Amino acid sequence: MYPLKSINLVKEILVSDVAEENSSLAYIEGNDQVPFSIKRVFYIYDVKANEIRGRHAHKLCNQFLICLAGEVEVICDDGLQKKTFTLKSPLEGLHIPPTIWAEQIYKTTGSIMLVLTDRKYDESDYIRNYKRFLEYRERDF
């Protein structure tokens with residue numbers, strides 16, 4: 001079983017960028033910024049303002065979130081503590097380790113959230129019920 005993680009391990013990480021005369025380019029290379037090998041990339045778009053997504057935890061999967069456009073509030077919860085992060089720049093990433101409950105509130109219409117993970121999609125890795133999440137966490141408190 002994967003060890004349970006504390007809210008203190010959720011980390012904001014800056015993404016590297018290069019500003020050019022006519023544009024800017026953001027990039028991620030290796031494990032310098034994302035603390036895991038990337039196996040899956042997806043993005044969430046076309047979400048109305050104040051819609052909530054996420055509402056789950058992963059047993060094994062690490063996630064790295066980047067708000068490419070707009071503003072998204074991310075509420076992370078380890079069963080004992082909650083912490084809120086606001087992503088509103090494509091240069092700000094948020095690493096969410098396994099066993100952390102996360103909800104995203106899309107603050108602006110047109111927000112786009114890019115998600116990098118260290119595992120391919122596996123429904124059995126998800127905990128989608130908050131009560132079950134707390135029960136899962138209580139096993140090791």
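Every heavy atom of this structure was used, including side-chain atoms; hydrogens, water molecules and symmetry mates were not. Here the structure is a predicted model, which means the values were calculated and not measured.
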Practice task
Could you tell me whether the side chains of Y121 and E123 share a donor-acceptor contact shorter than 3.5 Å?
Solution key: yes

Exercise for the section: For the pair H56 and Y126, name the ring-plane relationship: parallel under 30°, tilted 30 to 60°, perpendicular over 60°. Expected result: tilted

Exercise for the section: Assign the ring pair H95 / F36 to parallel, tilted or perpendicular, where the plane angle (0 to 90°) is split at 30° and 60°. Expected result: tilted

Problem - Distance (rounded to the nearest 0.5 Å) between S89 OG and L68 CG - result: 9.5 Å

Exercise for the section: Can you sort out the partners of L9 under side chain to side chain contact (heavy atoms under 4.5 Å, CB included), two or more places apart, ordered by chain and number? Expected result: K5, P97

Practice task
Let me know which of L87, T86, V10 forms a side-chain contact (heavy atoms from CB on, under 4.5 Å) with V74.
Solution key: L87

Exercise for the section: Using the rule that two of Ile, Leu, Val, Met, Phe, Trp, Tyr join whenever any of their side-chain heavy atoms come within less than 4.5 Å, decide whether V47 and I112 are in one cluster. Expected result: no

Exercise for the section: Grab the two heavy atoms, one from P90 and one from A26, that are nearest each other, plus how far apart they are. Expected result: O-CB, 4.4 Å

Practice task
Working to the nearest 0.5 Å, report the span between NZ of K107 and CG of N50.
Solution key: 5.0 Å

Exercise for the section: Treat each ILVMFWY residue as a node, draw an edge where side-chain heavy atoms are under 4.5 Å apart, and state whether V72 and L114 are in one component. Expected result: no

Handout entry: Shared-cluster residues of I52, by chain and number - hydrophobic side chains joined below 4.5 Å
Key = I75, I105

Exercise for the section: Kindly give the heavy-atom pair with the smallest separation between A69 and G110, and that separation in Å. Expected result: CB-O, 4.0 Å

Problem - Separation of M113 CE from L94 CG (nearest 0.5 Å) - result: 8.0 Å

Handout entry: Minimum heavy-atom distance G79-L134, with the two atoms named
Key = CA-CD2, 3.7 Å

Fill in the blank from the handout: Smallest heavy-atom separation, A19 atom then S24 atom, equals CA-OG, 3.8 Å

Practice task
Measure from the ring center of F133 to the ring center of Y136 and say whether it is less than 6.0 Å.
Solution key: no

Problem - Result of checking I96, I28, T117, I38 against F64 for side-chain contact (heavy atoms from CB on, under 4.5 Å) - result: I28

Exercise for the section: Just do the side-chain contact (heavy atoms from CB on, under 4.5 Å) check on E103 and T84 with the steps written out, would you? Expected result: CA-CA 10 Å; E103 299 182 3; T84 300; over 6 Å; no

Exercise for the section: Kindly say whether L60 contributes a backbone atom to a donor-acceptor pair with the side chain of D125 at under 3.5 angstrom? Expected result: yes

Practice task
Find the distance between CG (L80) and OG (S6) and round it off to the nearest 0.5 Å.
Solution key: 8.5 Å

Handout entry: Residue pair S16 / Q33, side-chain donor-acceptor N/O under 3.5 Å
Key = yes

Practice task
State whether the side chain of D77 and the backbone N or O of W101 hold a donor-acceptor pair below 3.5 Å, judged by distance alone.
Solution key: no

Completion exercise
dist Q63:CD -> L116:CG (nearest 0.5 Å) comes out at 10.0 Å

Exercise for the section: Heavy atoms only: give me the nearest S111-E71 pair and the separation to one decimal. Expected result: OG-N, 3.1 Å

Practice task
Please round to the nearest 0.5 Å and tell me the distance separating atom OH of Y106 and atom OG1 of T108.
Solution key: 10.5 Å

